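Right, one structure below, let's go through it.
Keep in mind that what you see is a predicted model, and the values were worked out from it rather than measured. Here is the naming used below: chain letters follow the sequence lines, and residue numbers restart at 1 for every chain.
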There are 2 protein chains.
Amino acid sequence: MTTVYDVAKLANVSAMTVSRALNNPEKVSPQSLKRVQDAIQQLGYQQNQAARALVTKSTGIVKLVMPKRLGMSDPYFTALFAGIASVLSENRLAVLIEDELSSTIKYDGIILTELHDEHSYNELLKLSTPVVLFGKGQRLGEMANQLDWVDLNHFEGAYLATQHLLSLGHTAIALFKFDSNDSSLIEREQGYRKAMAEYGIDVDPNWVVSGLEDTSYAAKSQAIDVLSHSAVTGVVCTSDLLAIGVIQAARELNRKIPQQLSVVGFDGVGYDQMCDPRLTTLCQPVFWIGQRLAQLLIERIQDKTNDLPARHEIISAELVVRDSTAVK
Amino acid sequence: MTTVYDVAKLANVSAMTVSRALNNPEKVSPQSLKRVQDAIQQLGYQQNQAARALVTKSTGIVKLVMPKRLGMSDPYFTALFAGIASVLSENRLAVLIEDELSSTIKYDGIILTELHDEHSYNELLKLSTPVVLFGKGQRLGEMANQLDWVDLNHFEGAYLATQHLLSLGHTAIALFKFDSNDSSLIEREQGYRKAMAEYGIDVDPNWVVSGLEDTSYAAKSQAIDVLSHSAVTGVVCTSDLLAIGVIQAARELNRKIPQQLSVVGFDGVGYDQMCDPRLTTLCQPVFWIGQRLAQLLIERIQDKTNDLPARHEIISAELVVRDSTAVK
DNA sequence: TTGTATGCGTTATCAG
DNA sequence: CTGATAACGCATACAA
């Protein structure tokens, strides 16, 4: 293994100059710099991260805690990961994925996609490491506001989806919610209700279907029920999977989409692409969200002053109108 | 930060004994061991990986090179990753994901899910690190046989899928292949042809549709063409996405599934779950494949003798019969 | 601008 | 079975 000393010898400088050339090139004379760089080239020298970490107490590694349910092959988190990784690798940081907080591997910062409870939060504080949350971490209450986070504008998203159907002349609009004790779903329901209220429509309790598993089958069986027993002509779903289930139900009931029933999905990652007819959906910029998560973390890692305030970013989703919605 | 010296002082032993207690407990007297363990408990001591890595030249990190196209949110690779991570974390190894071979972070071993060419292979040899391939790495030719790999039995899979349709009385069976210069698709076609030959059926060239993008839309438009101009009653697809496209085409042509057309998918990860009717598919044990990849790598990392032969595992997929296939 | 001495926390070596 | 010492490769502090 070639070390700074090998490089130093070849470049006719001291090891220190090599180190500087690597970390603070501006503090080295152009001539020395050039000689060092040539030597590095020639020897194919690579910094030893372990030695560097030992003395700088930094690792070049960012830890990403993915939700446990990720194992169930979710395109959403794959896209999120891709966004995170893209920014991190630009900054020469590696991503380390684990499904729990504790581990023996050290890291410079951590991105949490799911913060279960106060217990996790306390562990987090013990680590005293830069951290960014995906989602408001609402279950932490006030504590979450002291941390950086990036979240989707769930309220606005559902509002836009509902307004889209309303503007097409629909009035009997159902909401299909999958089960989650995450506040994001509460906000989506609020967005739906806000839009309905603005159009002066009383929401029939039967229109709001909640507690669903997030699968097309769960949505399908519920949708068959709702569509058979009510005059609903539009459905807002909180995921594309649910929307696909509703479309399957409509097919079984011989309701044409979009002529007799309009359906809006939510997420726009993966599943919407394979729906027939093409799904109108609220498309989340998941890749971008991942990038922002990474960017905020990097800023915090690089912040020496330690007085960076907590930053909170709320990102908008965009309604992509395709073939599953039409005028009533 | 507490170090071995802190622990040593508290346990009334030397730092060396602490180190031994951690790495070779059997070489320490039971009394000392107990005192050290207690001290570790009490102080909440954690090994400094960087320092350890510096001297042992090991990192506790396994690198996983995912295909670049992963960014496109593919449930297949998410499942594969989950399998890999499960085994690795059991062995206190962390997973580091990157999309290219080179990086400054050191690692103990590497799992490659996509080996592009000889160039990559040469880089690999320079690293002289334990490596396991996902897939035969056929494009490396002979070289691949010197490496460990795990692959699916593509031939058998396609053979089983085709045989299933044949046993249901179908004779005009099409094959939908997505575009890939990977040998796995060649093998799948061979499996299809073998089954057809065994039933004494001549394959009509029009039945074999290749060069498709791996999307439901690509399959749909092609399928409309094929189904309109031939007497095909069964379709074997090389992915679930293609199968979904074929089903969409059938719907558009008013062909009932499975009464008028039987369709078999391939993969059984993610997309098959949301198909209507439920998709008969060749289900790959992707999670298990991931686990095997990790296991082989760990064995190679732990192998001191350095004379472990290259191991090659070929894993079978299982035909899961659901509602998209029926007797002719 | 450059170089020297020193230490980061751990384990290998070798002596006891 | 145990301990003293050196070394891993790099960067910080200080001196030149």
Exercise. If you check every side-chain atom of A:V28, which of D:dT2, D:dG3, C:dT2 has the closest atom?
Worked result: C:dT2
Rounded to the nearest angstrom, tell me the gap between atom [atom1] in [X] and atom [atom2] in [N].
{"X": "B:K57", "N": "C:dT10", "atom1": "NZ", "atom2": "P", "answer": "17 Å"}
{"X": "B:M1", "N": "C:dG9", "atom1": "CE", "atom2": "C1'", "answer": "9 Å"}
{"X": "B:Q49", "N": "D:dC8", "atom1": "CD", "atom2": "C1'", "answer": "15 Å"}
{"X": "A:L54", "N": "C:dT10", "atom1": "CG", "atom2": "P", "answer": "9 Å"}
{"X": "A:K27", "N": "D:dC14", "atom1": "NZ", "atom2": "P", "answer": "14 Å"}
{"X": "A:K9", "N": "C:dG3", "atom1": "NZ", "atom2": "P", "answer": "15 Å"}
{"X": "A:Q31", "N": "C:dT1", "atom1": "CD", "atom2": "C1'", "answer": "10 Å"}

Taking only nitrogen or oxygen atoms into account, show me every contact under 3.5 Å that the protein makes with nucleotides 11-16 of chain C, one pair per line with its distance.
| unit_1 | atom_1 | unit_2 | atom_2 | d |
| --- | --- | --- | --- | --- |
| C:dT11 | OP1 | B:N23 | ND2 | 2.8 |
| C:dT11 | OP1 | B:Q47 | NE2 | 2.9 |
| C:dT11 | OP1 | B:R52 | NE | 3.1 |
| C:dT11 | OP2 | B:S19 | OG | 2.6 |
| C:dT11 | O5' | B:S19 | OG | 3.4 |

For this session: Quick one: sort the A:W149 and A:H312 rings into parallel, tilted or perpendicular, breaks at 30° and 60°.
Result: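 Geometry flag for A:H312 against A:W149: parallel rings.
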Exercise. Does the pair A:I61 and B:I61 meet the rule for a side chain to side chain contact (heavy atoms under 4.5 Å, CB included), with working shown?
Worked result: CA-CA 11 Å; A:I61 292 176; B:I61 292 176; 3.5 Å; yes
Exercise. Is the shortest side-chain N/O distance from A:S14 to OP1 or OP2 of C:dT2 below 4.0 Å?
Worked result: no
Problem set entry | Sub-4.5 Å side-chain heavy-atom contact between B:M1 and B:N48 |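 Result yes, sub-4.5 Å side-chain heavy-atom pair found.
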